[in-house]
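A quick note: this is a predicted structure, and the numbers were derived from the prediction, not measured. Computation of the quantities below employed the complete heavy-atom set of this structure, encompassing side-chain atoms and omitting hydrogens, waters and symmetry-equivalent molecules.
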Amino acid sequence: MALEALALVALVAASVVPYFLNKSSERLFTPFPGFVALRFPVEGKPTQGKSRIVEASLDLAIVITVILMLIGYTLIVRTLVPKSPAGGAFVPLIPGVTVPVNLLVSLIWIIAIAVVVHELFHYLACVWQGIRVRSAGVGLLLFFPIAFVEPDEENLMRSPPRARARVYSAGPAANGVLAALALVLITVLIEKGVYVIDVEEGSPAWAAGIKKGDVIIEVNGQRVNNLIDLRKAISSGELLKVVVLRGEEKVTLLVNKDGRERIGVYVLPWVPKGPLRGLPPEEAAKAVQTLFWTHGVNLGLGVVNALPMFITDGGKLVSEVKRVRRLSSVADAFQLITVILFVHALVGSLRPLA
C-alpha cells in the first residue's frame, strides 16, 4: 500500500513540478500545475487509393459511436429510477474513495492504453482521409495518463461533414471495440461458479483439506452455483459435507465449523477455463481482473466521449448536425441537458459513499 501511494505521489509531482520550473516550450507544455504534456510534431499525409474496407470501417465508427451514445443515455435514465441497479453507472476514479489506491496504480497502464488507442484512431481517421495533423502528444493530468491529437483545424473544417464525423467518431468507436473484445474474452475464459483462491491457515476449511484452485460445487447436498448459494449452505449446519472439483476429480470433504461463522476460504464468483485453468489461482484472478477493468475503462471512456457534452466527441458530432441542419439553439439545449443529467448521475453514484 505504501509503495502504491508513493507511486501516485511521484506521478502527481511529475505533473506539477515542471510548471513551477517554467519548463514550458514548444515540445513540453504545462498550462497549469498538475497538467504536463509532451507534444510531438506529426503529419497526416493524404492516403492514396483508400480501400472500401477503410471507408466502411470509418462509417462503422459513426454507427458504433451513436450506439455508445444511446448506451450512455440508457445508463443516465436508469440512474433517475429509484433503486435502479444502474444507480452507480458513472463512477469517477477517486483514490481511496471509489477505488483503492493499490488498485488505481495497477489501473493506470490500462487507462494509458485506452487513451492512447482513442487518440491513435482519431489520428488514423485523419490520415486515411487526407486531413493534415499538426501534432500529437502524451502527458499527465495529476496521476491520470492523457493523450491528444491536433488536426489542422483549417484543413479539417474544409473537409466534408461526413469526413469530420468519421474523425470525431473514431476514438470512441475504438474504445467501444476494445471493450467488446475484452467482454468476449471474459465470456470465453470464465464460467459461473465458486473458485477458491486462498485458504486461511488454521481455519476449518484448511483443516478439512480444501485447497487453492478447488471449485466448490456442493455443500450438504445443496448445489452451489454462486456466492449466495455458498453463504446459505455454510449457514445450514455445524458439520458441512463439501464437494469440490479438483482438476477433473470430485473430492468430498467434511468441514467442522467449530462454532465459527466463516470456514476460512477466499473465493471468486467465477471459475477459470481454457488457458486460465492451468494458471495458479492468483495469476488467473489477476488476468480476469485486467480483462474486467479493460472492458470497464474502455466502455466508460467510449460512452462519456460519445455523449454530446460540448467538448466531447459526441458534442462535436452534434455540432456537425447543427451546422448542416441549422439547429444551433436546439443542439446547444440538447447538450446542456445532457451535461446536467450526466452531473446528476455522477453525484448520484457518490451519494452512497457520503
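Rounding to the nearest 0.5 angstrom, the gap separating the NE2 atom in H122 from the OG atom in S169 is 8.5 Å. L75 contributes atom CG, which lies 11.0 Å from atom CG of L70 (distance to the nearest 0.5 angstrom). Residue T294 holds its OG1 atom at 11.5 Å from CG of L183, rounded to the nearest 0.5 Å. Taking CG of L107 as the start and CZ of F144 as the end, the distance is 9.0 Å to the nearest 0.5 Å. Rounded to the nearest 0.5 Å, atoms NZ (K250) and CD1 (I217) are 4.5 Å apart. Distance check, rounded to the nearest 0.5 Å: NE2 of H295 to CG of L178 gives 11.5 Å.
The side chain to side chain contact (heavy atoms under 4.5 Å, CB included) check on K241 picks up N220, T252, L254, with sequence neighbours excluded. A search for side chain to side chain contact (heavy atoms under 4.5 Å, CB included) contacts involving I337 returns L341, not counting sequence neighbours. Every residue was checked against the ring-ring contact (aromatic ring centres under 6.0 Å, His included) condition with F310, not counting sequence neighbours, and none meets it. Every residue two or more places apart in sequence or in another chain that forms a side chain to side chain contact (heavy atoms under 4.5 Å, CB included) with E153 is listed here: L156, M157. In this structure, the side chain to side chain contact (heavy atoms under 4.5 Å, CB included) partners of I146, at least two apart in sequence or on a different chain, are F35, L141. By the side chain to side chain donor-acceptor pair (under 3.5 Å) test, E154 is found to be paired with R158, residues two or more places apart in sequence or in another chain being considered. Partners of K286 according to the side chain to side chain donor-acceptor pair (under 3.5 Å) rule, which considers only residues two or more places apart in sequence or in another chain, do not exist here. Taking the side chain to side chain donor-acceptor pair (under 3.5 Å) definition, one finds that R231 meets it with nothing, sequence neighbours left out. Applying the ring-ring contact (aromatic ring centres under 6.0 Å, His included) rule to F334 yields the partners Y73; only residues at least two apart in sequence or on another chain are considered. Partners of E282 according to the side chain to side chain donor-acceptor pair (under 3.5 Å) rule, which considers only residues two or more places apart in sequence or in another chain, are K212.
More than 12 heavy atoms of other residues, nucleotides or ligands shown are found within 6.0 angstrom of NZ on K257. More than 12 heavy atoms of other shown residues, nucleotides or ligands fall within 6.0 angstrom of atom NZ in K273.
Taking the side chain as every heavy atom from C-beta outward, N226 and P269 never approach each other to under 4.5 Å. Within the 4.5 Å cutoff, no side-chain heavy atoms of F143 are placed close to those of S15. Taking 4.5 Å as the limit, some side-chain heavy atom of S319 sits within range of a side-chain heavy atom of Q335. Using a 4.5 Å heavy-atom cutoff, the side chains of F292 and I190 are in contact. Contact annotation: the side chain of N256 never approaches that of P204 to less than 4.5 Å [non-hydrogen atoms, C-beta and beyond]. Inter-residue side-chain proximity for I108 and P145 is flagged as met; some heavy-atom pair is nearer than 4.5 Å. Here the side chains of P41 and E150 are not in contact, with every heavy-atom distance at 4.5 Å or above. For the pair L124/L120, a side-chain contact is recorded, criterion being any heavy-atom separation below 4.5 Å from C-beta on.
In the hydrophobic clustering of this structure, V138 groups with Y123; members are Ile, Leu, Val, Met, Phe, Trp, Tyr whose side-chain heavy atoms approach within less than 4.5 Å, directly or through other members. With hydrophobic clusters built from ILVMFWY side chains whose heavy atoms lie under 4.5 angstrom apart, I62 does not share a cluster with V318. In the hydrophobic clustering of ILVMFWY residues, with side-chain heavy atoms under 4.5 Å counting as a link, V127 and F40 come out together. Under a hydrophobic-cluster definition in which Ile, Leu, Val, Met, Phe, Trp and Tyr are linked whenever side-chain heavy atoms come within less than 4.5 Å, directly or via other members, L58 and V117 are assigned to the same cluster. A chain of hydrophobic side-chain contacts below 4.5 Å, direct or via other Ile, Leu, Val, Met, Phe, Trp or Tyr residues, connects I197 to L245.
A side chain to side chain donor-acceptor pair (under 3.5 Å) check over residues 174-194, counting only residues at least two apart or in different chains, returns the pairs H118-N175, N175-N298.
Shortest non-hydrogen contact noted between A112 and V115 is O-CG2, 3.2 Å. Looking at every heavy atom in both residues, L276 comes nearest to A287 through CD2-CB, 3.9 Å. Shortest non-hydrogen contact noted between A125 and A170 is CB-CB, 3.7 Å. Of all non-hydrogen atoms in L279 and Y195, the two that sit nearest each other are O-OH, 4.4 Å. Taking both residues in full, the closest heavy atoms of V304 and T312 are given as O-CG2, 3.8 Å, listed atom of the first, atom of the second, then distance. Of all heavy-atom pairs between N155 and G130, the closest is OD1-O, 3.7 Å.
One N or O on the side chain of S235 and one on the backbone of K232 form a donor-acceptor pair closer than 3.5 Å. In terms of modelled atom types and a separation under 3.5 Å, the side chain of E238 and the main chain of G259 share a donor-acceptor contact.
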Under the criterion salt bridge (charged side-chain N to carboxylate O under 4.0 Å, His left out), I'd like the reasoning laid out for E200 against R262: C-alpha separation, chi angles, the key distance, then a yes or no.
CA-CA 10 Å; E200 186 180 326; R262 298 174 61 251; 3.4 Å; yes
Test side-chain contact (heavy atoms from CB on, under 4.5 Å) on L299 and L68; report intermediate values, then the result.
CA-CA 8 Å; L299 182 62; L68 290 171; 4.1 Å; yes
Mind running side-chain contact (heavy atoms from CB on, under 4.5 Å) on I76 and L307 for me, showing each step along the way?
CA-CA 10 Å; I76 287 175; L307 285 170; 4.1 Å; yes
Assess the residue pair Y168 and T65 against the criterion (side-chain contact (heavy atoms from CB on, under 4.5 Å)); give the C-alpha distance rounded to whole Å, side-chain angles, the decisive distance to 0.1 Å, and a yes or no.
CA-CA 9 Å; Y168 302 144; T65 299; over 6 Å; no
Verdict with reasoning, Q129 to R164, per side-chain contact (heavy atoms from CB on, under 4.5 Å)
CA-CA 9 Å; Q129 298 184 101; R164 294 197 296 269; over 6 Å; no
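The hydrophobic cluster around I234 extends to V194, V196, V199, W206, I210, I216, V219, V224, L227, L230, L240, V242, V244, V251, L253, V255, I263, V265, V267, counting ILVMFWY residues whose side-chain heavy atoms fall within less than 4.5 Å of a member.
For F29 and F148, the distance between ring centers is under 6.0 angstrom.
In this structure, R134 does not pair ionically with D152, as no charged nitrogen and carboxylate oxygen lie closer than 4.0 Å.
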